[in-house]
*Asks:* 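Take a look at this one; I'll ask things after.
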There are 2 protein chains.
Amino acid sequence: MFSEYFNILGSISPIGELCRKKIESHLTIKEFKKGEHILHTGETCNHIYFMYKGCNRIYYYKNDKEITEWFTSEKHFCFSITSFFDKTPSHLSIETLEDSVVIQLSRKGIDELIHSDLEFANLFINILSGSLKLSQKRMDSMQFETARQRYQNLVTEQPEILQFANLQHIASFLGITSETLSRIRS
Amino acid sequence: MFSEYFNILGSISPIGELCRKKIESHLTIKEFKKGEHILHTGETCNHIYFMYKGCNRIYYYKNDKEITEWFTSEKHFCFSITSFFDKTPSHLSIETLEDSVVIQLSRKGIDELIHSDLEFANLFINILSGSLKLSQKRMDSMQFETARQRYQNLVTEQPEILQFANLQHIASFLGITSETLSRIRS
DNA sequence: CTTATTTTTTGATAAATGTCAATTTTATTG
DNA sequence: CAATAAAATTGACATTTATCAAAAAATAAG
């Protein structure tokens, strides 16, 4: 079960047998039913989560409304960025959208490894730079594209999200109301 | 002149004398008049820039209009994220908004150091995680705040930008037209 | 200092999106 | 499968922001 995990890590940055062993000692596996929370608001995010099976959405409340900030598809990583790095309670929640199996890598392990293992440090750099590119891309699309364009982009670039997310999740993810998204779709 | 640079690096992540020496060998200093370009569209971004003196804006063209994506204040870092990591021609340009002095750290040096020096790798991780937090924060504000709120945030959180950026730069940075910003201001 | 150029402001109008309410459709549960 | 709850759609209208054009103000150049 970890072999697929390490294959994906390896495709991000090469890691040797020794490094794998070290990483493995900081992994835990958890299962979640659809709709359960991987991380609750107020908890501190102490892991980087890998969706071995299933998917999730990351959301927060703004004026009593749920706003979906991000989706994580199967075989992808996620975490609450600010909470993880600042060790502060998360304003984000992470909720599974299907029955899921999550492989968690602890921050304690990450801290230890980035200070002791060059291979791991470089792996982590590559994970961060990948996240940064994604975040930047999304920011650009928010800055000067219309709701319709943003929806089109989603359909062409991340069609898998349409499979598991409902209209309200997608609407708030795109920064629009569900009524507007419904009209765009028709 | 480098001492201030290293103080700032050191405040991000502790680095010893040896690491400093190694970094120093990959630094170059460049001066720019106001309005000159640190990076042109189409060039590949091969450095991380530190604004020792002066400031800049990072912009791109969309439908023949300039869109400012980011501002860099004095004593801060910047680079074209996608171009730097993917080694591809930048769609962004970086233009100074004042006479400036830039300390450039080369990608060649960065590549070398992250693979050989744990201290540097950790420094770089901290630079990336800081960028990621900023990027995320900006994305959130784009997602569900009105133009007026985004402007208010800018005034309270980054007032220095108002000193060197003109109305059009700020408007496109906020994702609105200059007419709208002018009305918000009055 | 005067003229030219660029930037900002203002006005009128159009387009995009939001809000609220009602209805229809879909999903859930006993 | 009927009853209920939740989600999606639709309509009427309000609000925000964009667009285009012109005027005013600020900046740069001779």
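Residue numbering restarts at 1 for every chain, and letters A, B, ... go by the order of the sequence lines. On a predicted model such as this, the values are computed, not experimentally measured, just so you know.
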*Asks:* Any chance the side chains of B:Ser13 and B:Asn122 put a donor and an acceptor closer than 3.5 Å?
*Replies:* no
*Asks:* Just the rounded figure in Å: distance from P of D:dT16 to CE of B:Met142.
*Replies:* 19 Å
*Asks:* Is it true that the side chains of B:Ser83 and B:Ser90 contain a donor and an acceptor less than 3.5 Å apart?
*Replies:* no
*Asks:* Between P on C:dT17 and CZ on A:Phe144, what's the gap in Å once rounded to a whole number?
*Replies:* 13 Å
*Asks:* Centres of the A:Tyr5 and A:Tyr52 rings: under 6.0 Å?
*Replies:* no
*Asks:* Rounded to whole angstrom units, what separation is found between the CG atom of B:Leu162 and the C1' atom of C:dT8?
*Replies:* 15 Å
*Asks:* Residues of residues 169-186 of chain B with any non-hydrogen atom less than 4.0 angstrom from an atom of DNA chain C: list those, numerically ordered, please.
*Replies:* B:Glu179, B:Ser182, B:Arg183, B:Ser186
*Asks:* Decide whether A:Glu69 and B:Gln136 meet the rule of one side-chain donor and one side-chain acceptor closer than 3.5 Å.
*Replies:* yes
*Asks:* Based on the rotation axes of five pairs at each end, what angle does the helix from C:dC1-D:dG30 to C:dG30-D:dC1 bend through, to 10°?
*Replies:* 50°
*Asks:* Counting heavy atoms from C-beta on, name the nucleotide in D:dT9, D:dA7, C:dT7 closest to the side chain of A:Asn166.
*Replies:* D:dA7
*Asks:* Can you measure B:Leu167 atom CG to D:dT27 atom P for me and round it to whole angstrom units?
*Replies:* 13 Å
*Asks:* Could you state the atom-to-atom distance from CG of B:Asn63 to P of D:dA18 in whole Å?
*Replies:* 14 Å
*Asks:* Taking protein heavy atoms under 4.0 Å as touching, what does nucleotides 22-30 of chain C look like 5' to 3' if B marks base contact, S marks sugar-phosphate-only contact and - marks none?
*Replies:* ---------
*Asks:* Under 3.5 Å, is there a donor-acceptor pair between the A:Thr41 and A:Ser93 side chains?
*Replies:* yes
*Asks:* List in numerical order all residues of residues 64-73 of chain A for which some heavy atom is under 4.0 Å away from an atom belonging to DNA chain D.
*Replies:* none
*Asks:* What is the separation between atom OH on A:Tyr151 and atom P on D:dA8, rounded to the nearest whole Å?
*Replies:* 11 Å
*Asks:* Quick test of your reading of the model: are A:Lys21 and A:Glu17 salt-bridged, counting only N-O distances below 4.0 Å?
*Replies:* yes
*Asks:* Can you pull the salt bridge (Lys or Arg N to Asp or Glu O under 4.0 Å) pairs that have at least one residue in residues 28-40 of chain B, sequence neighbours excluded?
*Replies:* none
*Asks:* Hey, are B:Lys137 and B:Glu157 close enough for a salt bridge, meaning a charged N less than 4.0 Å from a carboxylate O?
*Replies:* yes
*Asks:* Over all heavy atoms of both residues, which pair between B:Ala165 and B:Phe71 is shortest? Give the atoms and the distance, please.
*Replies:* CB-CE2, 3.4 Å
*Asks:* In whole angstrom, what separates A:Arg148's CZ from C:dG18's P?
*Replies:* 12 Å
*Asks:* Rounded to the nearest Å, what distance is computed from the CD atom of residue A:Glu145 to the P atom of nucleotide C:dA16?
*Replies:* 15 Å
*Asks:* Please check this pair: side chain of A:Thr156 against backbone of A:Gln152, looking for a donor-acceptor N/O pair closer than 3.5 Å.
*Replies:* yes
*Asks:* Quick check with a 6.0 Å cut-off and a 45 degree axis cone: is A:Arg150 positioned over the face of A:Phe173's six-membered ring?
*Replies:* no
*Asks:* Any salt bridge (Lys or Arg N to Asp or Glu O under 4.0 Å) pairs touching residues 79-103 of chain A, not counting sequence neighbours?
*Replies:* A:Arg57-A:Glu95, A:Asp86-B:Lys133
*Asks:* Measure the CE-CD1 distance between A:Met139 and B:Ile81 for me, rounded to the nearest 0.5 Å.
*Replies:* 7.5 Å
*Asks:* With a cut-off of under 6.0 Å to the ring centre and 45° to the axis, is B:Arg20 in cation-pi contact with B:Phe120?
*Replies:* no
